[in-house]
There are 2 protein chains.
Amino acid sequence: MTENPSPAAIKAWARLMRVSRQLLERAEDALKDAGLPPLAWYDVLHELAEAGEGGLRPFQLIERTLFAQYNVSRLLARLEADGLVEKLRVADDGRGQTVRITGKGREMRRRMWAVYGRSIAELVGARLSNNDLETLSALLGRLRHPAMPE
Amino acid sequence: MTENPSPAAIKAWARLMRVSRQLLERAEDALKDAGLPPLAWYDVLHELAEAGEGGLRPFQLIERTLFAQYNVSRLLARLEADGLVEKLRVADDGRGQTVRITGKGREMRRRMWAVYGRSIAELVGARLSNNDLETLSALLGRLRHPAMPE
DNA sequence: CCGATATAAATGCAGTTGCATCTATATAGA
DNA sequence: TCTATATAGATGCAACTGCATTTATATCGG
């Protein structure tokens, strides 16, 4: 009986896809206009900043960001080339490495957040009450895969 | 005062981006697994099917699908190469053309919908009640740009 | 009617993504 | 221990995207 989607499901799907694409594009444009790198960079810098001095293994970044493996590999190469992250050999696993954010990386993250955060505030925060935002988050949470208890 | 996003706004944004990406990827994978073309093809075929025999001008497709102009141009070239749409010179505007879906295009759309619709039913329809779906649609509707009255 | 500007659509080129594969190391099992 | 398999990460190549520009036609102002 999950064969054919109900009209309500189709509408919610369509809006979800359309709105998310639209808002994402707006946020990307804001960064671009400010001469800053794309959002993917922010996502990685954010995770690495949260991780602290210990850094993260690339495969951990993949889990957290949902980016594809090859994508992370190349993204890290670009971030390293720009001096925003550094790669460290890890002692107990010769295959891998640990990636750590640099001071320059933290600075870039800060500058990106100034723009990105403003986009979020404008595009979402200014349009729904806190209560509605909570409702939205809860509903979206139930669509996550794999489904996790709220 | 829309400077800094509230925690509720950040959370809603993060979920929106993450969930939409995840669900989109799932739907794309389902099509790929079935040996069918990507969702973008469906979007165009859908619009053209709705438009009927009169077809649509490429710029109308751009408005409806939110794809970039160059993207539509190339997508239509691929669809035409596969015989799914046909391009017709339009009498009263020598710059443009009208694009019409072919029988083969309708057939492809039908086959894609069999898979895509099932994805929507499973990923969204089976996870939220009709009532929650309506709520979700309404909240997302308020995030559209430009904002339109519900 | 004519030149300037605007709109429709296509395209060359550079950068990015996706796929498949490859290299290197680690772990498991005989 | 030695081989087989699994995991971490990088990469060659083809397809796709984004940007800027180009071509062609239409419209507007004088």
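Fair warning: this is a prediction, and the values are worked out from it, not measured in the lab.
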**Report entry** Contact nearer the 5' end of DNA chain C, comparing A:Y70 with A:G94
**Finding:** A:Y70
Report task. Identify, between A:D29 and A:R57, the residue whose nearest nucleotide on DNA chain D lies closer to the 5' end. Result -> A:R57
**Report entry** B:G96 vs A:Q97, nearer the 5' end of DNA chain D by closest nucleotide
**Finding:** A:Q97
Presence of [X] side-chain N/O under 4.0 Å of [N] phosphate oxygens OP1/OP2:
| X | N | result |
| --- | --- | --- |
| A:R78 | C:dT17 | yes |
| B:N71 | D:dC16 | no |
| B:K32 | C:dG18 | no |
| A:K87 | D:dA8 | no |

Query raised in the report: C:dG12 base to B:R74 side chain: any donor-acceptor pair below 3.5 Å?
Result: yes
Query raised in the report: Could a donor-acceptor pair under 3.5 angstrom be found where the side chain of B:Q69 meets the base of C:dA8?
Result: no
Integer-rounded Å distance: [N] [atom2] and [X] [atom1]:
| X | N | atom1 | atom2 | answer |
| --- | --- | --- | --- | --- |
| B:E25 | C:dG18 | CD | P | 8 Å |
| A:D92 | C:dA24 | CG | C1' | 16 Å |
| B:R95 | D:dT25 | CZ | P | 10 Å |
| A:L61 | D:dT7 | CG | P | 19 Å |
| B:D93 | C:dA9 | CG | C1' | 10 Å |
| B:L88 | C:dA9 | CG | C1' | 15 Å |
| A:L75 | C:dG18 | CG | C1' | 15 Å |
| B:E28 | C:dG18 | CD | P | 10 Å |

Does [X] reach the side chain of [Y], with side-chain heavy atoms less than 4.5 Å apart?
| X | Y | result |
| --- | --- | --- |
| A:R26 | A:D29 | no |
| A:E80 | A:K87 | yes |
| A:K104 | A:E107 | no |

Query raised in the report: Do NZ/NE/NH1/NH2 and the carboxylate oxygens of A:E25 and A:R18 come within less than 4.0 Å?
Result: no
**Report entry** Aromatic ring pairing A:W113/A:Y42, orientation class (parallel under 30°, perpendicular over 60°, tilted between)
**Finding:** parallel
